[in-house]
Number of protein chains: 2
Amino acid sequence: MPSSRIDPASDRSVYRQIADILRGKIESRELPPGGQLPSESSIVADYEVSRVTARRALSVLVTEGLVTAEHGRGWFVRRQPPVRRLSSDRFARRKEGKAAFTVDMEANKRAFAVDVLYIGRGAVPAGAAEKLGLDADAEVIIRRRRYLAEGQPIEYATSYIPLDIADGTPIAEPNSGPGGIYARMEDQGFVFERYDEEITARMPSEEEARILTLPVATPVLHLVRTAVASGRPVEVCDTVMDAAAFVLFYSLPAR
Amino acid sequence: MPSSRIDPASDRSVYRQIADILRGKIESRELPPGGQLPSESSIVADYEVSRVTARRALSVLVTEGLVTAEHGRGWFVRRQPPVRRLSSDRFARRKEGKAAFTVDMEANKRAFAVDVLYIGRGAVPAGAAEKLGLDADAEVIIRRRRYLAEGQPIEYATSYIPLDIADGTPIAEPNSGPGGIYARMEDQGFVFERYDEEITARMPSEEEARILTLPVATPVLHLVRTAVASGRPVEVCDTVMDAAAFVLFYSLPAR
DNA sequence: AAGTGGTCTAGACCACGTT
DNA sequence: ACGTGGTCTAGACCACTTT
């Protein structure tokens with residue numbers, strides 16, 4: 001009888017005790033990913049609490065990112081997205097006419113897909129303008145796409161490329177050809193020198209949560225990469241990733 | 001009269017409408033960081049809702065990381081912690097007898113402090129054992145400390161160093177001497193080759209939230225660094241950071 | 001129709017902080 | 001003593017999903 005494990009006189013509030021019990025069952029896999037939790041009414045009956053208290057216990061687990069509710073169906077343990085490992089040599093490995101993302105996903109043996117959301121001209125945002133050395137009101141080629149792994153959206157990326165490099169070239173087209181946009185820049189004679197990456201983590205905006213179909217209480221990794229070739233910044237790529245789906249690797253030489 | 005802005009017949013629930021209004025005041029700085037929100041009872045009066053609904057509105061803002069409650073005092077807009085920028089050359093800059101953290105904080109012109117939480121022998125955790133090439137039941141020297149910037153805890157770091165390197169040396173002492181533990185390893189003849197870093201972001205555990213005094217719904221950056229010197233891993237450093245307090249920089253050569 | 005979650009109310013008692 | 005947030009109850013009505 002589960003209610004025997006609840007101590008109303010405890011310092012720990014009843015809703016937290018119920019959350020602890022459910023969390024334990026999730027961690028022990030007694031409730032596996034995708035599995036259904038007891039309904040609110042059965043929690044009310046089992047633990048002899050009000051419905052508000054039962055829901056409060058569940059909301060603790062929502063905040064921890066462990067469970068989600070489906071209206072009319074029930075409460076379920078969240079499935080973890082497949083993890084993608086991004087190595088710092090992912091651009092060095094860009095070979096054989098394949099884009100970095102493709103190389104990376106093949107290295108991880110994952111089924112993947114790309115949604116093209118927008119490709120064309122647009123105004124450059126302030127941060128990217130500064131990094132590209134452009135005026136605040138400049139136009140650039142914008143490439144916005146969403147990456148999916150095994151059907152789940154995991155990454156939302158926007159590239160900004162100066163018009164003098166991209167306009168009228170395959171870089172401004174949905175299909176930029178073998179090797180991706182970096183290969184097209186190399187075709188133009190650009191020699192890549194380095195990629196500067198800036199990483200933060202935060203909670204997603206409402207729009208980001210919608211695009212990545214993130215439940216509440218799941219953070220994102222935000223990576224802004226500036227590609228530098230032949231002495232000038234040639235691309236700023238702003239990437240928002242479902243944090244649960246990524247591990248980033250960097251190897252730094254000591255000297 | 002604020003209640004005029006609430007439409008009970010709207011598709012958007014009452015508690016979300018109240019949360020929207022309060023969020024707007026926070027974003028517009030009408031309610032500045034550190035400022036006090038209206039009390040629950042005044043929300044009840046102003047918007048003519050029950051206390052449960054008022055609290056639900058506030059809990060939305062808690063989940064978004066915008067506000068916190070202080071028992072007996074009221075609801076307050078969260079202060080953002082000072083941001084610390086971590087460059088990928090932070091170890092290369094380790095010079096003049098100063099530890100990396102010190103160099104880094106001075107470069108950022110921040111007041112900082114270090115709490116030493118534990119220094120001594122202990123069992124190596126599984127992940128660190130694998131990275132160090134040790135048996136799962138091996139003992140290591142553990143250095144656990146907490147870093148504060150301008151009084152706020154922002155980082156919680158634990159280093160694991162094999163006994164044959166650290167035991168009986170200043171590395172196993174609270175004060176490891178000028179230049180920190182890496183300088184002591186260099187004294188022993190180790191030549192540093194590289195630092196491998198593995199970055200993830202996630203919600204903190206309850207313990208991590210307590211140590212970093214994080215409110216709920218604020219993510220952490222988790223960085224695991226393996227230092228490699230003279231052909232062997234000499235330290236694994238596991239760092240949990242308040243994500244709001246950090247920007248990580250990496251510069252990757254293209255070839 | 002029955003079961004599930006989503007929203008909301010009116011009230012109660014307790015614990016913390018300030019006056 | 002008073003105002004603040006923290007926890008909890010018993011009930012209501014609605015919307016969505018499944019049978």
Side-chain angles (χ1 to χ4, degrees), chain A residues 2-3 5-22 31 34-63 66-78 206 209 215-217, chain B residues 2-3 5-22 31 34-63 66-78 206 209-210 213 215-217:
Chain A
S3 61
R5 276 180 288 174
I6 297 290
D7 173 11
S10 162
D11 276 352
R12 196 154 180 83
S13 54
V14 173
Y15 77 89
R16 283 185 199 279
Q17 293 180 56
I18 296 173
D20 291 343
I21 292 169
L22 294 173
L31 291 169
Q36 185 162 15
L37 279 81
S39 70
E40 295 177 6
S41 51
S42 69
I43 292 173
V44 166
D46 288 348
Y47 299 101
E48 294 170 337
V49 295
S50 71
R51 181 159 169 237
V52 174
T53 300
R55 282 178 62 81
R56 189 114 73 110
L58 290 163
S59 80
V60 168
L61 303 180
V62 169
T63 301
L66 292 175
V67 308
T68 51
E70 296 185 27
H71 197 173
R73 301 219 317 126
W75 290 87
F76 298 86
V77 181
R78 280 190 65 195
E206 205 155 350
V216 300
Chain B
S3 62
R5 276 181 287 174
I6 296 291
D7 174 9
S10 162
D11 276 352
R12 195 152 180 86
S13 53
V14 173
Y15 76 90
R16 284 185 198 280
Q17 292 181 56
I18 296 174
D20 291 343
I21 292 170
L22 294 173
L31 291 170
Q36 186 163 14
L37 279 80
S39 70
E40 295 177 7
S41 51
S42 68
I43 292 174
V44 166
D46 286 350
Y47 299 100
E48 295 169 337
V49 294
S50 70
R51 183 162 167 235
V52 174
T53 300
R55 284 178 61 80
R56 188 114 73 111
L58 290 163
S59 81
V60 168
L61 303 180
V62 169
T63 300
L66 292 174
V67 308
T68 51
E70 295 185 27
H71 197 174
R73 299 217 320 122
W75 290 87
F76 298 86
V77 181
R78 280 190 65 196
E206 205 154 355
R210 195 183 63 247
T213 65
V216 299

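None of these values were measured; they are calculated from a predicted model. A note on names: the letters A, B, ... follow the listed sequences, proteins ahead of strands, and every chain is numbered from 1.
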Problem set entry | Selected nucleotide, minimal atom distance to B:T53 side chain, candidates C:dC8, D:dT4, D:dG6 | C:dC8
Exercise. For C:dC8, does OP1 or OP2 lie under 4.0 Å from any side-chain N or O of B:S50?
Worked result: no
For this session: List the protein contact pattern of nucleotides 11-19 of chain C with one symbol per nucleotide (5' to 3'): B for base contact, S for sugar-phosphate-only contact, - for none; contact means a heavy-atom distance under 4.0 Å.
Result: -B--BBSS-
Exercise. By side-chain hydrogen bond (donor to acceptor under 3.5 Å, both in side chains), which residues pair with B:E70, not counting sequence neighbours?
Worked result: B:R73
Problem set entry | pair A:L61-A:W75: side-chain heavy atoms closer than 4.5 Å | no
For this session: Ignoring backbone atoms, test whether B:S41 places a side-chain nitrogen or oxygen under 4.0 Å from the OP1 or OP2 oxygen of D:dT4.
Result: yes
Problem set entry | Whole-Å gap separating P (C:dG6) and CZ (A:R56) | 16 Å
Exercise. Does the side chain of B:Y15 get closer than 4.0 angstrom to OP1 or OP2 of C:dC8 through an N or O atom?
Worked result: no
Seminar exercise, completed: From the list A:V77, A:I43, A:V67, A:L66, side chain to side chain contact (heavy atoms under 4.5 Å, CB included) with A:L22 holds only for A:I43
Seminar exercise, completed: To the nearest angstrom, the CZ-C1' distance between B:R16 and C:dC8 comes to 14 Å
Exercise. Roughly, in whole Å, what's the span from CG in A:L58 to P in C:dT4?
Worked result: 13 Å
Problem set entry | Short side-chain N/O contact from B:W75 to OP1 or OP2 of D:dT4, under 4.0 Å | no
Problem set entry | Length of the line joining A:D11:CG and D:dT7:P, which is rounded to integer Å | 12 Å
Exercise. Should B:S13 be listed as having a side-chain N or O under 4.0 Å from OP1 or OP2 of C:dG6?
Worked result: no
Exercise. Can you check the B:Q17 CD to C:dT7 P distance for me, whole Å?
Worked result: 12 Å
Seminar exercise, completed: Whichever of A:V14 and B:Q36 has the more 5' nearest nucleotide on DNA chain D, that residue is B:Q36
